[in-house]
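Chain letters run A, B, ... following the sequence lines, proteins first, then strands; residues in each count from 1.
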2 protein chains.
Amino acid sequence: MLTVFEILALPARREILSLLRQGPRSVGELVEELGISQPIVSKQLRVLREAGFVSVRAEAQRRWYELRPEPFTEVANWLEPYRWIWSEHLDRLGDQLDALAAAPPEEDR
Amino acid sequence: MLTVFEILALPARREILSLLRQGPRSVGELVEELGISQPIVSKQLRVLREAGFVSVRAEAQRRWYELRPEPFTEVANWLEPYRWIWSEHLDRLGDQLDALAAAPPEEDR
DNA sequence: CAGATATATACCGTCAAGGGAATGTAGCGT
DNA sequence: ACGCTACATTCCCTTGACGGTATATATCTG
């Protein structure tokens, strides 16, 4: 299975995630809003699902895809040790980032 | 030029960044600490430099590589709109922890 | 200048991910 | 049962990134 950053490396996948911020979407809706072919959307949705970025809920023939939080916390946790590097440089991000020193660290050494 | 996430997709590059958190490093030091061949380290350092992740300072034959903040702020900015998704998640996690603290401990799933 | 050190670059073979087109599958309405 | 809708999967082909090896470049030392 791909790592979080490998998943995010593909623009099409980031666009799907961006759309899903607004709430659950069906495959057809994503196809229409993205202008990408349906098989490709389905393929990337599978990748996103297997990586834990989205979950699916079946309703008749429709599949509703929805964001899941875990991979995003993983990115945030990875980013955290680098925070001091830019915190002095640019403080436009809120201080709320400190709030999530809770989740387990990852294999990145 | 590669995007930020394409850069981070490669484990070797993340390891380089991780080492550079401790301060500037020469190529030789990175080679030794990573156990990767010198040409590969140099190659990835070039990629990191072109993407703005690191800067170089020459000193005789040595090149000192150092982290730069901008790409990290880029990741943080990308992450920001997704924050609410996992803040809810953390809330639920907190509730569960509270429940666990209040109730007698159980078997772990 | 010769040789050694430190790093960068060029070239090459491999391999896997991505896109496209076609096809498969499941549930719905009539 | 039939066709339609919504989506998933398969197959093929291409492309490009990665790692490895060899080589080039620059700087120091003697």
Side-chain angles (χ1 to χ4, degrees), chain A residues 1-20 22-68 71 107-109, chain B residues 1-20 22-68 71 75:
Chain A
M1 206 189 65
L2 301 177
T3 71
V4 185
F5 290 109
E6 289 172 309
I7 298 290
L8 296 176
L10 195 69
R13 289 196 281 258
R14 292 201 302 276
E15 292 185 29
I16 290 176
L17 293 176
S18 178
L19 281 179
L20 290 180
Q22 332 224 356
R25 289 288 185 275
S26 72
V27 179
E29 289 171 337
L30 293 173
V31 168
E32 187 179 358
E33 300 187 66
L34 290 169
I36 310 179
S37 80
Q38 178 265 314
I40 294 183
V41 172
S42 285
K43 193 176 188 174
Q44 301 308 335
L45 281 171
R46 177 180 189 164
V47 174
L48 290 170
R49 179 168 45 81
E50 289 176 348
F53 274 90
V54 299
S55 58
V56 207
R57 169 170 47 93
E59 175 186 309
Q61 314 105 313
R62 281 213 173 76
R63 307 294 159 95
W64 294 96
Y65 283 86
E66 192 176 1
L67 288 182
R68 290 200 53 77
E107 27 103 28
D108 233 12
R109 176 170 322 176
Chain B
M1 204 189 66
L2 301 177
T3 71
V4 186
F5 290 108
E6 288 173 309
I7 299 290
L8 296 175
L10 195 70
R13 287 195 284 258
R14 292 200 302 277
E15 292 185 28
I16 291 177
L17 294 177
S18 179
L19 281 178
L20 289 180
Q22 331 225 357
R25 289 288 184 276
S26 71
V27 179
E29 290 172 337
L30 292 174
V31 168
E32 187 180 357
E33 300 187 67
L34 291 169
I36 308 178
S37 79
Q38 178 266 315
I40 293 184
V41 172
S42 285
K43 192 177 188 174
Q44 302 307 335
L45 281 171
R46 178 181 187 165
V47 174
L48 289 171
R49 179 168 45 82
E50 289 177 348
F53 275 89
V54 299
S55 58
V56 206
R57 172 170 45 93
E59 176 186 308
Q61 316 105 312
R62 283 213 172 75
R63 307 295 159 94
W64 295 95
Y65 284 87
E66 191 176 2
L67 289 182
R68 290 199 54 75
V75 175

Under a 3.5 Å distance rule, please check whether B:R14 uses its side chain to pair with a backbone N or O of B:L8 as donor and acceptor. yes

Outer limits of DNA chain D sitting under 4.0 Å from a non-hydrogen atom of chain B, read 5' to 3', are D:dC18 to D:dC28

Can you pull the salt bridge (charged side-chain N to carboxylate O under 4.0 Å, His left out) pairs that have at least one residue in residues 22-43 of chain A, sequence neighbours excluded? A:R25-A:E33

Is there a side-chain contact between B:Q44 and B:V47 (heavy atoms, below 4.5 Å)? yes

Treating primed atoms plus P, OP1 and OP2 as sugar-phosphate and everything else as base, which nucleotides of nucleotides 6-11 of chain C get B, S or - for protein heavy atoms under 4.0 Å? SBBB--

Is the closest side-chain heavy-atom distance between B:V54 and B:L17 below 4.5 Å? yes

Can you list everything that forms a side chain to side chain donor-acceptor pair (under 3.5 Å) with B:E66? Sequence neighbours excluded, please. none

Would you list the pairs meeting salt bridge (charged side-chain N to carboxylate O under 4.0 Å, His left out) in which at least one residue belongs to residues 44-53 of chain A, sequence neighbours left out? A:R46-A:E50

What nucleic acid atoms does B:E6 come within less than 4.0 Å of, heavy atoms only: base, sugar-phosphate, or nothing? nothing

Quick one: does B:V4's side chain get under 4.5 Å of B:F53's, heavy atoms only? yes

Starting at atom CD of B:E59, determine the distance to atom C1' of C:dT5, rounded to an integer number of angstrom. 14 Å

Any pair with a residue in residues 52-61 of chain A that passes side chain to side chain donor-acceptor pair (under 3.5 Å), sequence neighbours left out, goes on the list, sorted by first then second residue, please. A:E59-A:W64

